J.: 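Pasting a structure below so you can have a look.
Values in this document were obtained by computation on a predicted structure and should not be read as measured data.
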Amino acid sequence: QEVNQNQSDQSGYGDYEQLMKTYNLSKREIEIIQLIINEYESSEIAEKLHLSPLTVKTHRKNIFRKIGVRNLAGLAALLKNFPGTAMPLP
């Protein structure tokens, strides 16, 4: 289950473009956020993106640091403020 992307956005990251600019996130970090909010575990993210689990852990740590949150709950709360990036409903 992939996040829908705004077709008018040239970057291909749709509603995540503002998040990228606001927090200086890389394209890879946005990909990881998209997978996190779609309930992928770190090991699944590593496999899907052809990364080592340690690299995914480092990306997650960098995402949290850049955004200024301590955990996934903080990330979820922050994403509610960015249209189109909110956590999916159960």
Side-chain angles (χ1 to χ4, degrees):
Q1 173 185 12
E2 294 298 324
V3 176
N4 290 334
Q5 297 175 345
N6 182 342
Q7 292 179 356
S8 66
D9 179 26
Q10 298 299 315
S11 71
Y13 288 92
D15 294 322
Y16 289 85
E17 183 72 21
Q18 186 60 43
L19 190 66
M20 285 176 76
K21 289 178 181 178
T22 301
Y23 294 102
N24 195 31
L25 297 168
S26 70
K27 291 177 183 177
R28 179 63 87 189
E29 289 166 338
I30 292 297
E31 288 174 327
I32 289 173
I33 289 171
Q34 290 174 321
L35 293 170
I36 289 170
I37 68 170
N38 282 291
E39 300 184 22
Y40 281 72
E41 295 181 9
S42 289
S43 60
E44 295 170 318
I45 294 170
E47 184 177 326
K48 184 169 183 67
L49 299 180
H50 308 288
L51 301 171
S52 78
L54 182 59
T55 300
V56 173
K57 183 178 178 178
T58 300
H59 278 302
R60 286 174 62 127
K61 190 168 30 172
N62 289 338
I63 290 165
F64 293 171
R65 178 184 48 79
K66 286 180 177 183
I67 291 177
V69 298
R70 296 186 310 148
N71 53 37
L72 289 175
L75 178 63
L78 180 126
L79 290 177
K80 288 181 184 179
N81 295 319
F82 284 88
T85 63
M87 299 288 285
L89 296 174

J.: Nearest 0.5 Å please: distance from the CG atom of Asn38 over to the CD1 atom of Ile45.
T.: 10.0 Å

J.: Taking atom NZ of Lys57 and atom CG of Leu51, what is their separation to the nearest 0.5 Å?
T.: 15.5 Å

J.: If you measure from OG1 on Thr55 to NE2 on His50, what distance do you get to the nearest 0.5 Å?
T.: 13.5 Å

J.: Just by modelled atom types, is the Asn24 backbone N or O under 3.5 Å from a matching donor or acceptor in the Lys66 side chain?
T.: yes

J.: For Tyr23 and Leu78: C-alpha separation, side-chain torsions, deciding distance, then whether side chain to side chain contact (heavy atoms under 4.5 Å, CB included) applies.
T.: CA-CA 11 Å; Tyr23 294 102; Leu78 180 126; 3.2 Å; yes

J.: About how many Å separate CG of Leu75 and NZ of Lys80, when rounded to the nearest 0.5 Å?
T.: 11.5 Å

J.: Is it true that, when you exclude Glu44 itself, more than 12 heavy atoms of the residues, nucleotides or ligands shown sit nearer than 6.0 Å to its CD?
T.: yes

J.: Please evaluate residues Ile36 and Arg60 with respect to the criterion side chain to side chain contact (heavy atoms under 4.5 Å, CB included), reporting the C-alpha separation (whole Å), side-chain torsions for both, the decisive distance (0.1 Å), and the verdict.
T.: CA-CA 9 Å; Ile36 289 170; Arg60 286 174 62 127; 4.0 Å; yes

J.: Would Lys27 and Ile30 satisfy side chain to side chain contact (heavy atoms under 4.5 Å, CB included), going step by step from the backbone distance to the final call?
T.: CA-CA 5 Å; Lys27 291 177 183 177; Ile30 292 297; 5.7 Å; no

J.: Among Val69, Thr58, Ile33, which one satisfies side-chain contact (heavy atoms from CB on, under 4.5 Å) with Ile63?
T.: Ile33

J.: Under the criterion side-chain contact (heavy atoms from CB on, under 4.5 Å), which of Glu47, Gln34, Lys48 is the partner of Tyr40?
T.: Lys48

J.: Show your reasoning for whether side chain to side chain contact (heavy atoms under 4.5 Å, CB included) applies to Arg28 and Leu49.
T.: CA-CA 9 Å; Arg28 179 63 87 189; Leu49 299 180; 3.5 Å; yes

